[in-house]
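Encoded as structure tokens, the structure appears first; notes follow it.
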Amino acid sequence: MSQKQSIAVLCSGGDGPGMNAALRSVVRSAFKVGVDVYGVYKGYEGLLERSIVPLDLASVGNIIQRGGTFIYTSRSPRFMEPVHRAKAAAYLKELGVMGLVVIGGNGSFNGANLLNKEHGIAVACIPGTIDNDIQGTEFTIGFDTATNTAVEAIDKIRDTATSHERTFLVEVMGRSAGGIAITVAITTGAEAVIFPDRSVDLAKVATAVTRGVARGKKSSIIIVAEGEKEGLGHDYQKVLKEKYQLDTRLCILGHIQRGGNPSARDRFLGSIMGNMAVKALLDGQTAVATVVRQGQFIIAPLSECLNKRNDFDNGLLELLNTLAL
Ligand code: F6P
């Protein structure tokens with residue numbers, strides 16, 4: 001009698017709201033066609049520690065609305081070493097799984113790609129990161145919720161800024177991609193946005209604020225993209241004060257953006273992509289990613305999704321400057 005088929009699933013890298021929806025979809029889609037699922041705890045670290053749990057229908061009940069990932073996640077520097085990837089691959093082969101679903105960002109996709117290239121493990125990757133910076137997909141799970149969380153927080157900051165007639169710098173996550181920064185800048189009516197990875201013109205930022213104040217604005221918000229180093233907002237605050245006599249308060253939103261109940265959009269992405277990833281593995285695909293292109297969900301070769309994307313439309317900056325007048 002042939003052995004029952006099984007797959008494994010893990011979340012890796014920074015968590016993002018909607019990962020639980022994707023896990024639920026992976027488990028239930030597999031279950032529907034009689035395939036067992038192992039959840040790997042703490043991402044690639046769990047493969048190295050042989051830390052897994054069989055997931056059944058009930059284990060993914062009541063999680064679609066929860067932020068985070070119920071099987072935990074981690075960043076695993078040692079997984080970047082071939083010797084550890086070999087150990088992980090050997091474990092997956094021992095388990096007899098037909099493939100691995102990886103939910104994560106760019107680094108996680110690269111780890112999956114190496115597992116496939118070096119050891120022939122079939123992998124199906126689901127983009128899950130608040131940064132929305134994976135090449136080859138227009139959206140990643142978590143981005144929508146993270147931007148909404150930031151917008152909610154900034155609306156609150158606007159209230160106190162207005163009461164005190166103040167200017168705030170608000171630093172948001174998103175590494176170098178800047179997608180969160182430009183989106184929240186436009187949708188909170190910010191006066192300016194600073195991208196450390198592009199040319200930073202603080203004179204222009206100061207002018208935007210003073211011009212607004214001169215025409216009667218009671219508060220100003222300057223969004224700071226975190227870039228590759230968290231906390232740069234402190235440096236900009238100092239320069240704005242010393243060079244342009246602009247007094248500001250600084251708020252670094254930080255990890256609040258990674259938590260919270262996923263938006264409908266992120267639950268939807270997770271539900272669709274989890275199902276697609278399972279189908280891809282059962283179809284015999286060996287190195288793929290679930291992506292959104294021109295609004296359509298498709299399965300793409302993983303090789304098209306290995307780089308970072310940090311190329312948001314320059315027209316959005318122009319739009320911000322127009323609307324912030
Ligand atoms: O990649 C997602 C992200 O939240 C980035 O926006 C942020 O720079 C980083 O992770 C923070 O990572 P950690 O939680 O490991 O400090």
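Since we're looking at a predicted model, the values are computed, not measured. The residues of the chain are indexed from 1 along the displayed sequence.
With respect to Glu49 and Lys87, no salt bridge is recorded, no charged nitrogen being found less than 4.0 Å from a carboxylate O. Here Asp133 does not pair with Arg309 in a salt bridge; the nearest charged N to carboxylate O distance is not below 4.0 Å.
Proximity of a side-chain donor or acceptor of Asn275 to a complementary backbone N or O of Ser271 within less than 3.5 Å is not detected. Side chain of Asn132 to backbone of Thr140: a donor-acceptor contact under 3.5 angstrom is found. Looking at Asp283, its side chain never comes within 3.5 Å of a backbone N or O of Gln285 through a donor-acceptor pair. A donor-acceptor pair under 3.5 Å is formed between the side chain of Gln257 and the backbone N or O of Met173. For the pair Glu191 (side chain) and Ile221 (backbone), a donor-acceptor distance under 3.5 Å is present. Looking at Arg258, its side chain never comes within 3.5 Å of a backbone N or O of Gly67 through a donor-acceptor pair. Looking at Arg50, its side chain never comes within 3.5 Å of a backbone N or O of Tyr91 through a donor-acceptor pair. A donor-acceptor pair is defined here as one N or O able to donate and one able to accept, closer than 3.5 Å; no such pair exists between the side chain of Arg166 and the backbone of Thr248. A donor-acceptor pair under 3.5 Å is absent between the side-chain atoms of Arg85 and the main chain of Leu115, judged by distance alone. Proximity of a side-chain donor or acceptor of Ser163 to a complementary backbone N or O of Asp159 within less than 3.5 Å is detected.
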* Please walk me through it: do Leu302 and Phe109 pass side-chain contact (heavy atoms from CB on, under 4.5 Å)? -> CA-CA 8 Å; Leu302 183 56; Phe109 275 32; 3.8 Å; yes
* **Residue pair Val193, Leu320: steps toward the side-chain contact (heavy atoms from CB on, under 4.5 Å) verdict** => CA-CA 8 Å; Val193 60; Leu320 174 76; 3.3 Å; yes
* To do: May I have the step-by-step check of side-chain contact (heavy atoms from CB on, under 4.5 Å) for Val35 and Val278, ending in yes or no?
  => CA-CA 9 Å; Val35 172; Val278 171; 5.9 Å; no
* To do: Dump the intermediate steps for side-chain contact (heavy atoms from CB on, under 4.5 Å) on Val291 and Ile134, then the final yes or no.
  => CA-CA 10 Å; Val291 300; Ile134 299 179; over 6 Å; no
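Judged by distance alone, the side chains of Asp144 and Ser263 do bring a donor and an acceptor atom under 3.5 Å apart. Arg175 and Asn106 are not linked by any side-chain donor-acceptor pair at a separation below 3.5 angstrom, with hydrogens and angles left out of the test. Using a 3.5 Å distance cut-off with no hydrogens or angles, the side chains of Thr145 and Asp266 do pair a donor with an acceptor. Side-chain contact of Ser219 with Arg158: a donor-acceptor pair under 3.5 Å is present, judged by distance alone. Side chains of Ser74 and Glu45: a donor-acceptor N/O pair is absent below 3.5 angstrom, by distance only. For the 3.5 Å distance criterion, the side chains of Glu304 and Asn307 fail to qualify, holding no donor opposite an acceptor. Between the side chains of Ser176 and Asn310, no donor N or O sits under 3.5 Å from an acceptor N or O.
There is no path of hydrophobic side-chain contacts, each under 4.5 Å, that joins Ile194 to Leu317. Following chains of ILVMFWY side-chain contacts shorter than 4.5 Å, one cannot reach Ile180 starting from Ile222, and the two form parts of different hydrophobic clusters. Tyr41 and Val26 end up in the same hydrophobic cluster when Ile, Leu, Val, Met, Phe, Trp and Tyr side chains are linked at under 4.5 Å.
Taking the side chain as every heavy atom from C-beta outward, Leu202 and Tyr244 approach each other to under 4.5 Å. Within the 4.5 Å cutoff, no side-chain heavy atoms of Ile157 are placed close to those of Arg249. With contacts defined as side-chain heavy-atom distances shorter than 4.5 Å, the pair Glu138/Arg293 qualifies.
Note on ring orientation: taking the six-membered ring where Trp is involved, the planes of Tyr44 and Phe79 are parallel (angle under 30°, cut-offs 30° and 60°).
Hydrophobic cluster of Val83: no remaining members, since no ILVMFWY side chain lies below 4.5 Å from it.
With a 6.0 Å cutoff to the six-membered ring centre and a 45° limit on the axis angle, Arg265 counts as a cation-pi contact of Phe139.
The salt bridge (Lys or Arg N to Asp or Glu O under 4.0 Å) search around Lys218 returns Glu165, not counting sequence neighbours.
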